[in-house]
Amino acid sequence: MNWNARKTKVLLIAIVVWLTPALIAGAAGCRGVWGSGSALFDYLLPLPVSGGVLHVPSFAVFLAMYLMARDGTVLARWVAILAFAVALGALAAMVDAERLNAVLFTDYAPAGSAIRFSKNPFLLFVLTDAFWLGVLTIGLSRAPIAAWSITVLSPLLVLATGVIGYVTGGPVLEPIAGQSGERRGQEQVLIYTNQPYDEQRFLDSLAAAGVLMPWESANAEHTQFVFTASRQQTARRDYQGITEEKTVATICAYEEDRSLAAYAGLHPCFADRPVFVERLNRRIAEQPQWMAKDVAAWHAGASLCRGVDMTIDATMSIARNDHCRRQRRRTSQAILAMKRNYGRDSRAVRLTQRVARELGWEQ
């Protein structure tokens, strides 16, 4: 084969190899690396702002190995085996190991196949380039037949490493979106764990997981973190299925004092901890009968604000502190409204002004 014919053949092979991952990604409906349109054109362009740039390293290795093999070096007899081993290893690395681990080692029963492939563009490029390198150099292989076992061991080793990593690693904590409890301000969060109860480990892991604590959320006052050994329960967000049998631990979080309490098994975090609106309603009901509704509400709220330092942690979302800040800001308007409704020298106005002075709210 003359030099020009060889160059033409290499060029045609390079075009086919370059097109393959883009065509596969396009047919599979993958999107570009930046979330734009079809991956077909994105993977074709070797530009820094496109997915095709990820193909450059594997493509360069492909061309170098192919040309070395064609030149008859000692490496040529091993290229095909190594190429197929890399291709199958890349394919195995694209398997969702977390999903496969859950199917094999937990009670998780997905609706579809246990094996699901990720859409990793770099691994797709490695897979297709290595596959074509193996196909184009298989006729040059002179390695022993036993050496081909590498192509089988490669994906098995990659899969085993990925799957076993979820078993032998640290505690797996997978929080899912929470749901409201029976009362406003209560929230439950289900967390899957593969570990037995260890109070300090769970507390540390909960902090590392980055979940929102109730004092960081305007929607929750008390949060019940339920650690379940059932992967199926978290996958289905089955809050109704919370039972003592499935629960490994419970951590209760309370915003008033930003405290955490850990318990083995299932614990009722909300049983003896009323939310702020409940406490406020109880105080309103305890006010003297002569008070009108608005006056009773103001004094009930003020009674819950005694001793509250509203200058501390003003950025925290704590229902009691938030209420007291709002009531303090609106005290002048509340007194003006009482003067209009009940008279400037009425019993309601005098009492409200006195309490406001005691709290330092009167302006």
Passes side-chain contact (heavy atoms from CB on, under 4.5 Å), Val135 versus Phe84? Steps please. CA-CA 8 Å; Val135 169; Phe84 283 122; 4.2 Å; yes
Quick one: list whatever passes side chain to side chain contact (heavy atoms under 4.5 Å, CB included) with Ala264, sequence neighbours left out.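 With sequence neighbours excluded, Ala264 shows a side chain to side chain contact (heavy atoms under 4.5 Å, CB included) to Tyr197, given in chain and number order.
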Please determine whether side chain to side chain donor-acceptor pair (under 3.5 Å) holds for the pair Ser317 and Trp215, giving the CA-CA distance in whole Å, both sets of side-chain angles, and the decisive distance to 0.1 Å. CA-CA 5 Å; Ser317 181; Trp215 51 87; over 6 Å; no
Nearest heavy atoms of [X] and [Y], plus distance in Å:
{"X": "Gly89", "Y": "Val158", "result": "O-CG1, 3.8 Å"}
{"X": "Glu216", "Y": "Val211", "result": "OE1-O, 3.9 Å"}
{"X": "Pro46", "Y": "Val56", "result": "CB-CG2, 4.2 Å"}
{"X": "Phe227", "Y": "Thr193", "result": "CB-CG2, 4.0 Å"}
{"X": "Gly134", "Y": "Ala83", "result": "N-CB, 3.5 Å"}
{"X": "Arg283", "Y": "Gln287", "result": "O-NE2, 2.9 Å"}

Do Arg325 and Asp322 meet the salt-bridge criterion of a basic N to acidic O distance under 4.0 Å?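 Result for this pair is yes, salt bridge flagged.
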Kindly indicate whether a cation-pi arrangement holds for Arg347 with Tyr342, taking the cut-offs as under 6.0 Å to the six-membered ring centre and within 45° of the axis.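 No - Arg347 does not lie over the ring of Tyr342 by the 6.0 Å and 45° rule.
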Looking at Phe276, does the NZ or CZ of Arg320 lie under 6.0 angstrom from its six-membered ring centre and within 45 degrees of the ring axis?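 Here Arg320 fails the 6.0 Å and 45° test against Phe276.
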Would you confirm whether [X], through its side chain, and [Y], through its main-chain N or O, come within 3.5 Å as a donor-acceptor pair?
{"X": "Thr128", "Y": "Phe125", "result": "yes"}
{"X": "Thr247", "Y": "Leu266", "result": "no"}
{"X": "Gln353", "Y": "Ile335", "result": "no"}
{"X": "Ser346", "Y": "Gly343", "result": "yes"}
{"X": "Ser259", "Y": "Glu255", "result": "no"}
{"X": "Thr250", "Y": "Gly265", "result": "yes"}
{"X": "Thr151", "Y": "Trp148", "result": "yes"}
{"X": "Arg350", "Y": "Asp345", "result": "yes"}
{"X": "Gln327", "Y": "Trp298", "result": "yes"}
{"X": "Ser154", "Y": "Ile150", "result": "no"}

Interatomic distance, [X] atom [atom1] to [Y] atom [atom2] [nearest 0.5 angstrom]:
{"X": "Met65", "Y": "Asp129", "atom1": "CE", "atom2": "CG", "value": "12.0 Å"}
{"X": "Leu133", "Y": "Leu82", "atom1": "CG", "atom2": "CG", "value": "9.0 Å"}
{"X": "Leu124", "Y": "Met94", "atom1": "CG", "atom2": "CE", "value": "5.0 Å"}
{"X": "Glu199", "Y": "Leu260", "atom1": "CD", "atom2": "CG", "value": "10.0 Å"}
{"X": "Met291", "Y": "Leu351", "atom1": "CE", "atom2": "CG", "value": "5.0 Å"}
{"X": "Thr223", "Y": "Glu221", "atom1": "OG1", "atom2": "CD", "value": "9.5 Å"}

Whether [X] and [Y] hold their rings parallel, tilted or perpendicular, with breakpoints at 30° and 60°:
{"X": "His267", "Y": "Tyr263", "result": "parallel"}
{"X": "Phe59", "Y": "Trp18", "result": "perpendicular"}
{"X": "His222", "Y": "Phe270", "result": "parallel"}

Do [X] and [Y] have side chains that approach each other closer than 4.5 Å (heavy atoms only, starting at C-beta)?
{"X": "Val16", "Y": "Leu12", "answer": "no"}
{"X": "Gln224", "Y": "Glu187", "answer": "no"}
{"X": "Val308", "Y": "Asn321", "answer": "yes"}
{"X": "Val355", "Y": "Arg306", "answer": "yes"}
{"X": "Phe202", "Y": "Val248", "answer": "yes"}
{"X": "Pro274", "Y": "Arg282", "answer": "yes"}
{"X": "Val86", "Y": "Val126", "answer": "yes"}
{"X": "Val349", "Y": "Arg344", "answer": "no"}

If Ile, Leu, Val, Met, Phe, Trp and Tyr residues are connected whenever their side-chain heavy atoms lie under 4.5 Å apart, and connections chain through other members, are [X] and [Y] in the same group?
{"X": "Ile251", "Y": "Val189", "result": "yes"}
{"X": "Trp361", "Y": "Leu304", "result": "no"}
{"X": "Phe41", "Y": "Leu19", "result": "yes"}
{"X": "Val295", "Y": "Leu280", "result": "no"}
{"X": "Phe62", "Y": "Ile138", "result": "yes"}

May I have the step-by-step check of side-chain contact (heavy atoms from CB on, under 4.5 Å) for His323 and Cys305, ending in yes or no? CA-CA 8 Å; His323 167 85; Cys305 295; 4.0 Å; yes
Could you go through the side-chain contact (heavy atoms from CB on, under 4.5 Å) check for Met213 and Leu206 one step at a time? CA-CA 10 Å; Met213 292 298 170; Leu206 187 61; 3.8 Å; yes
Take Leu23 and Tyr43, measure what side-chain contact (heavy atoms from CB on, under 4.5 Å) needs, and give me the verdict at the end. CA-CA 9 Å; Leu23 293 173; Tyr43 286 7; over 6 Å; no
Answer yes or no: are there more than 12 heavy-atom neighbours, outside [X] itself, under 6.0 Å from its atom [atom1]?
{"X": "Glu245", "atom1": "CD", "answer": "no"}
{"X": "Gln333", "atom1": "CD", "answer": "yes"}
{"X": "Tyr254", "atom1": "OH", "answer": "yes"}

